[in-house]
K.L.:
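Sharing a structure with you now.
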Protein chains: 2
Amino acid sequence: MPVAAINPAPKRQARGEARIDQILLAAAKSFGEQGYEATTTNGIAARAGISPGSLYQFFTNKDDIAHALATRYMEQLSDVQAESFTVPEGVALDQVVSSAVGSIVDFNLAHPGFKALFARPDMPESMRAAAAPVNERLQERVRDMVAALIPALDDQRLDVTVVVVLHTVKGLLPPIVAATESMRSTLVGELEHSLTAYLRSVAATAGSA
Amino acid sequence: MPVAAINPAPKRQARGEARIDQILLAAAKSFGEQGYEATTTNGIAARAGISPGSLYQFFTNKDDIAHALATRYMEQLSDVQAESFTVPEGVALDQVVSSAVGSIVDFNLAHPGFKALFARPDMPESMRAAAAPVNERLQERVRDMVAALIPALDDQRLDVTVVVVLHTVKGLLPPIVAATESMRSTLVGELEHSLTAYLRSVAATAGSA
DNA sequence: GCATAATACGAGCGATTACTCGTGTTTGTC
DNA sequence: GACAAACACGAGTAATCGCTCGTATTATGC
């Protein structure tokens with residue numbers, strides 16, 4: 001006989017799928033506004049317009065919500081990155097950087113909870129696990145992008161460069177998201193400026209190793 | 001008659017001063033390891049080797065501990081910055097950057113709680129208030145440094161440049177602190193590389209506005 | 001030595017929070 | 001329409017945490 005499923009996954013009805021969407025949306029807003037710890041599950045339920053009990057029919061605990069949110073972000077990010085992170089041959093470095101930075105910033109603006117899963121240094125262990133796939137995915141994409149831009153880089157230098165690029169973006173996302181619209185575009189431009197200057201400099205010294 | 005002091009500050013004995021040091025040290029370690037929210041006041045007390053009641057004879061609440069820690073960091077930072085952030089005339093840009101980055105990294109390694117007050121984007125409001133003076137102080141220093149390095153920058157461009165520099169460092173501090181020693185020096189070098197490339201690029205376009 | 005203030009203790013209080021459970025309602029299937 | 005499964009509710013529970021308070025000990029000034 002087959003091992004009995006501990007949690008026989010219920011067959012979701014359309015109502016249930018809609019509830020899940022509401023819950024994840026409410027959670028994303030709360031995470032983005034107050035951070036993970038300060039967000040209460042009862043608060044998420046209230047914001048989603050349901051009772052605490054209903055929330056726990058779709059998610060086993062608070063971490064599970066963060067995990068589901070991260071998974072969803074990862075899927076949506078894949079779509080965005082498929083367009084904006086590929087490097088067509090013969091395109092200037094600053095255009096590639098601009099495209100990638102733009103898509104990440106837009107994604108953060110459209111998904112307010114994202115930065116809580118991506119740009120935060122000291123998360124509780126449980127949440128770090130939930131956010132890990134998102135970070136790995138981003139790292140791979142940035143790695144491919146940098147490798148395409150600067151083919152002369154050996155693997156070690158490539159790794160270090162990816163860390164610098166990724167964490168530079170992480171560091172600047174909070175002020176960018178918090179800024180007013182005009183200030184935001186200034187900051188985005190300056191982030192692109194910084195990354196471009198760095199990558200050009202890396203490229204200039206890549207061959208002479 | 002004078003207004004009665006609500007909290008007549010007790011005259012600290014040598015014992016009391018020593019306790020305060022123990023408490024702040026324990027708090028710094030806990031904040032650095034687990035973050036602010038996950039750190040419990042009873043945990044700080046236990047780590048400091050005292051009872052919860054004793055802790056509250058020196059601090060009115062948890063925020064007060066963070067505030068005192070921030071104040072202490074600010075004083076110690078002033079000493080460090082006085083040496084390493086001043087820009088002697090005729091010194092190369094990359095040397096100034098290297099000195100400043102080195103001092104900030106060393107400070108973080110020596111004071112494990114610092115990054116919880118400096119490099120974290122989504123803190124609770126109460127803690128943001130405690131950390132604000134530290135951030136302002138750093139901002140001023142970086143501003144002075146950049147202004148000395150690139151005198152041609154107008155005020156607006158200067159502000160933006162400072163934000164980029166400061167948040168780039170913020171973003172890279174977590175991986176730098178977490179890295180092993182050899183990886184750490186590589187990352188520090190690369191952070192200096194990035195900042196230098198960016199500032200040189202800013203300097204190159206500063207006159208043509 | 002004596003009075004006063006500072007330091008020390010730790011059990012426990014009040015508030016908060018993640019999560020449960022008993023019960024009732026809606027939806028899909030035949 | 002009948003049955004089961006999915007959905008919904010919200011008061012309640014157990015555990016945690018910041019903080020208090022009554023009491024005991026140690027240091028200081030005279």
Side-chain angles (χ1 to χ4, degrees), chain A residues 4-24 26-27 30-31 33-69 116 123-127 129-130, chain B residues 4-24 26-27 30-31 33-69 116 123-127 129-130:
Chain A
I6 311 280
N7 281 332
K11 300 207 173 197
R12 294 271 167 248
Q13 299 177 357
R15 209 177 10 153
E17 301 284 356
R19 284 281 182 252
I20 289 177
D21 288 347
Q22 291 172 23
I23 292 166
L24 289 181
S30 295
F31 288 161
E33 287 170 13
Q34 317 166 353
Y36 178 74
E37 288 96 331
T39 299
T40 70
T41 54
N42 284 20
I44 294 174
R47 193 162 194 168
I50 63 174
S51 77
S54 292
L55 188 151
Y56 283 92
Q57 293 213 334
F58 302 103
F59 300 97
T60 65
N61 55 37
K62 195 178 171 184
D63 288 346
D64 192 30
I65 300 175
H67 189 83
L69 199 59
M123 355 190 166
E125 190 51 46
S126 62
M127 212 205 175
Chain B
I6 310 281
N7 281 332
K11 299 210 173 195
R12 293 271 169 248
Q13 301 177 356
R15 212 179 4 156
E17 301 285 355
R19 284 284 182 249
I20 290 177
D21 288 347
Q22 290 172 24
I23 293 166
L24 289 182
S30 296
F31 288 161
E33 286 170 13
Q34 317 166 354
Y36 179 74
E37 288 97 331
T39 299
T40 71
T41 54
N42 284 20
I44 295 173
R47 194 162 194 168
I50 63 175
S51 77
S54 293
L55 189 152
Y56 282 92
Q57 291 211 330
F58 302 102
F59 299 98
T60 64
N61 55 37
K62 195 179 172 182
D63 288 346
D64 193 30
I65 300 174
H67 190 83
L69 199 59
M123 358 190 165
E125 190 52 46
S126 62
M127 211 204 176

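Residue numbering restarts at 1 for every chain, and letters A, B, ... go by the order of the sequence lines.
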K.L.:
Do you know the tightest heavy-atom contact between A/I65 and A/I44?
P.N.:
CD1-CD1, 4.3 Å
K.L.:
Can you sort out the partners of A/S126 under side chain to side chain donor-acceptor pair (under 3.5 Å), two or more places apart, ordered by chain and number?
P.N.:
A/D63
K.L.:
For residues 33-64 of chain B, which residue pairs qualify under ring pair (Phe, Tyr, Trp, His ring centres under 6.0 Å), counting only residues two or more places apart or in two chains?
P.N.:
B/F31-B/Y36
K.L.:
Can you list everything that forms a side chain to side chain donor-acceptor pair (under 3.5 Å) with B/S51? Sequence neighbours excluded, please.
P.N.:
B/S54
K.L.:
How large an angle, rounded to 10°, do the end axes of the helix from C/dG1-D/dC30 to C/dC30-D/dG1 enclose when each is built from five base pairs?
P.N.:
20°
K.L.:
Would you list the atom pairs, donor with acceptor, under 3.5 Å between side chains in residues 10-18 of chain B and any protein atom, with sequence neighbours excluded?
P.N.:
from, atom 1, to, atom 2, distance (Å)
B/R12, NH2, B/Q57, O, 3.4
B/Q13, OE1, B/R15, NH2, 3.3

K.L.:
Who are the salt bridge (Lys or Arg N to Asp or Glu O under 4.0 Å) partners of B/D64, not counting sequence neighbours?
P.N.:
none
K.L.:
What's the closest nucleotide to the side chain of A/P10 if the choices are D/dC9, D/dA6, C/dC9?
P.N.:
D/dA6
K.L.:
Does A/L55 reach a base, just sugar-phosphate, or nothing at all? Heavy atoms under 4.0 Å.
P.N.:
nothing
K.L.:
Could you pull out all residues at least two apart from A/D21 that satisfy side-chain contact (heavy atoms from CB on, under 4.5 Å)?
P.N.:
A/R72
K.L.:
Restricting to side-chain contact (heavy atoms from CB on, under 4.5 Å), what partner residues turn up for B/A45, sequence neighbours left out?
P.N.:
B/I50, B/L55
K.L.:
Could you identify which residues of residues 12-24 of chain A place a heavy atom less than 4.0 Å from some atom of DNA chain D, listed by residue number, or say none?
P.N.:
A/R12, A/Q13, A/R15, A/G16, A/R19
K.L.:
What residue pairs, at least two apart or across chains, pass salt bridge (charged side-chain N to carboxylate O under 4.0 Å, His left out) with a residue in residues 38-62 of chain B?
P.N.:
B/E33-B/R47
K.L.:
I'd like a list of close polar pairs between nucleotides 16-24 of chain D and the protein, N/O only, cut-off under 3.5 Å.
P.N.:
from, atom 1, to, atom 2, distance (Å)
D/dG18, OP1, B/T39, O, 3.2
D/dG18, OP1, B/K62, NZ, 3.1
D/dG18, OP2, B/T41, N, 2.8
D/dG18, OP2, B/T41, OG1, 3.2
D/dC19, OP2, B/Y56, OH, 3.0
D/dC19, OP2, B/K62, N, 2.7
D/dC19, N4, B/N42, OD1, 3.1

K.L.:
Excluding sequence neighbours, so at least two apart, what forms side-chain contact (heavy atoms from CB on, under 4.5 Å) with B/E37?
P.N.:
A/E37, A/R120, B/R120, B/P124
